[in-house]
Amino acid sequence: MELFILIITLLILAETTIITIKNIKTPFSGSNQKRKVYVDTSALMDPRLLAVAQTGFIGDNLIVPRSVIQELQLLADGKDHDKRLRARAGLDAVRELERVIYFDVTILGDQLDRTPVDNRLLELAKANRGAILTNDFNLEKVAATEHIDTLNLNALALVLRNEYLPGETAKVKIVATGSGIDQGVAYLKDGTMVVVDHASKKIGEEIEVEFVRVNQTAAGTMMFAKTTKTRASQKTSTKSTTRSKPESRTANNSKKPTRRSH
């Protein structure tokens, strides 16, 4: 009996120890601790930032240093027309980001000295164990050497881009008939539906198709394609029609009456 009580006590002690270790390594879920993300000039001038933020995918607190706003102001007053427009849009983006409900935006009053803005961002992120939101490739590489996390809108767009673009070809397997006449339905590896013209009789077959257009909505992405054989047959029929025209002209010329010499 005493041995049984000892075993139960040891099991309870072991389970308590495991729970304690997990609580030390994992932050408490109810503490609402969010990562500090320092936003740079290139990210603010990108109109996609506000669009992504409004979807709710960004949950971290965004911090915009005063030095970054100053750099935007200098660009907005500069001589380069394109940079001037983008900088003004970046200043507007700061105000619009403050209205997004999914996170807090803080304007950090850092020192406005001669320290380069990129260096200031690296210092702030490293000192506060934060990350940097940027589209600057070089800044991202430098941050990696300092073991600082970065968020890049270009990298996000690259991940979310369509695997195929209009004009490209690929082999797909027709698995069902489409809603339209003579249409077949296939799926890409990522689950994207492909509607193929003249493929309703190809169910179960793997055929080569050429993508014609992409329909992308909030509900998902759908691609439309046509079989490459159909395209080849159209070219052949066009060539044959073109070749037949000179023959008809020859035939018409042969019917013209010849002049008689007097």
Side-chain angles (χ1 to χ4, degrees), residues 17-78 83-160:
T17 304
I18 293 173
I19 294 174
T20 304
I21 293 174
K22 286 184 177 180
N23 289 333
I24 293 174
K25 292 185 176 181
T26 307
F28 179 58
S29 58
S31 61
N32 292 327
Q33 294 181 356
K34 294 184 177 181
R35 181 173 53 173
K36 294 180 180 180
V37 177
Y38 296 88
V39 190
D40 87 329
T41 310
S42 63
L44 287 172
M45 291 193 300
D46 191 331
R48 297 174 298 181
L49 173 59
L50 182 60
V52 172
Q54 290 173 338
T55 63
F57 272 95
I58 299 177
D60 299 315
N61 289 330
L62 301 185
I63 300 175
V64 183
R66 184 71 63 181
S67 55
V68 170
I69 296 179
Q70 184 187 39
E71 186 177 45
L72 284 174
Q73 184 178 357
L74 292 174
L75 292 174
D77 295 334
K83 287 184 179 180
R84 189 165 62 244
L85 293 178
R86 293 176 60 202
R88 290 174 182 174
L91 291 172
D92 293 336
V94 176
R95 185 175 64 254
E96 294 297 327
L97 286 170
E98 290 179 324
R99 300 176 183 177
V100 179
I101 62 174
Y102 301 109
F103 50 79
D104 294 329
V105 175
T106 303
I107 307 299
L108 180 64
D110 59 331
Q111 297 178 0
L112 299 179
D113 51 23
R114 295 184 178 180
T115 303
V117 177
D118 289 353
N119 292 349
R120 179 60 53 79
L121 288 168
L122 292 168
E123 292 174 359
L124 291 170
K126 192 170 185 178
N128 297 281
R129 297 182 180 180
I132 298 176
L133 177 58
T134 179
N135 285 346
D136 190 329
F137 179 79
N138 293 326
L139 176 58
E140 184 178 5
K141 290 298 182 184
V142 175
T145 62
E146 298 287 340
H147 304 287
I148 298 173
D149 294 335
T150 56
L151 304 175
N152 192 316
L153 291 175
N154 292 329
L156 177 62
L158 185 62
V159 172
L160 296 178

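Note that this is a predicted model, so its numbers are computed, not measured. Just the heavy atoms: all of them, side chains too, but no hydrogens, waters or symmetry mates, feed the values below.
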For the residue pair Val142 and Ile148, establish whether any side-chain heavy-atom pair is separated by less than 4.5 Å. no

Kindly indicate whether the side chain of Lys83, heavy atoms from C-beta on, has any atom under 4.5 Å from the side chain of Leu74. no

Give me the atom names and distance for the closest heavy-atom approach of Leu72 to Gly90. CD1-C, 4.0 Å

Heavy-atom side-chain proximity of Asn138 to Asp118 below 4.5 angstrom: no

Just checking Gln73: does its CD atom have more than 12 heavy atoms from other residues, nucleotides or ligands closer to it than 6.0 angstrom? no

For a 4.5 angstrom cut-off between non-hydrogen side-chain atoms, does Ile69 reach Leu44? no

Check whether any side-chain heavy atom of Lys34 sits under 4.5 Å from a side-chain heavy atom of Asp104, and report yes or no. no

Run the side-chain contact (heavy atoms from CB on, under 4.5 Å) test on Leu112 and Arg120 for me, step by step, so that the C-alpha distance in whole Å, both residues' side-chain angles and the decisive distance to 0.1 Å come before the verdict. CA-CA 10 Å; Leu112 299 179; Arg120 179 60 53 79; over 6 Å; no

Spacing of NZ belonging to Lys36 relative to OG1 belonging to Thr106, to within rounding of 0.5 Å: 8.5 Å

Any non-hydrogen side-chain atom of Val37 less than 4.5 Å from a side-chain atom of Asn61? no

Show the nearest heavy-atom pair for residues Gly56 and Tyr102, with the distance to one decimal. CA-CD1, 3.5 Å

Strictly by modelled atom types, are Asp40 and Thr134 linked by a side-chain donor-acceptor pair under 3.5 Å? yes

Are Val39 and Val94 close enough, and set up right, to give a side-chain contact (heavy atoms from CB on, under 4.5 Å), and what steps lead you there? CA-CA 10 Å; Val39 190; Val94 176; over 6 Å; no

We want to know whether Asn152 and Thr150 form a side-chain donor-acceptor pair, criterion being a heavy-atom distance below 3.5 angstrom. no

To the nearest 0.5 Å, what is the distance between CZ (Arg129) and CZ (Arg35)? 14.0 Å

Contact between Leu156 and Phe57 at the side-chain level, heavy atoms closer than 4.5 Å - yes or no? no

dist Asp60:CG -> Leu151:CG (nearest 0.5 Å) comes out at 7.0 Å

Nearest heavy-atom pair of Leu97 and Ala53: which atoms, and what distance? CD2-CB, 3.8 Å

Would Glu98 and Arg95 pass as an ion pair if we require N to O under 4.0 Å? no

Please check if the number of heavy atoms outside Arg86 that lie under 6.0 Å from its CZ is greater than 12. no

Distance-only polar pair, side chains of Asp110 and Ser67, donor-acceptor under 3.5 Å: yes

Quick one: does Leu49's side chain get under 4.5 Å of Ile58's, heavy atoms only? yes

Test Ile132 against Glu146 for side-chain contact (heavy atoms from CB on, under 4.5 Å), laying out the working first. CA-CA 12 Å; Ile132 298 176; Glu146 298 287 340; over 6 Å; no

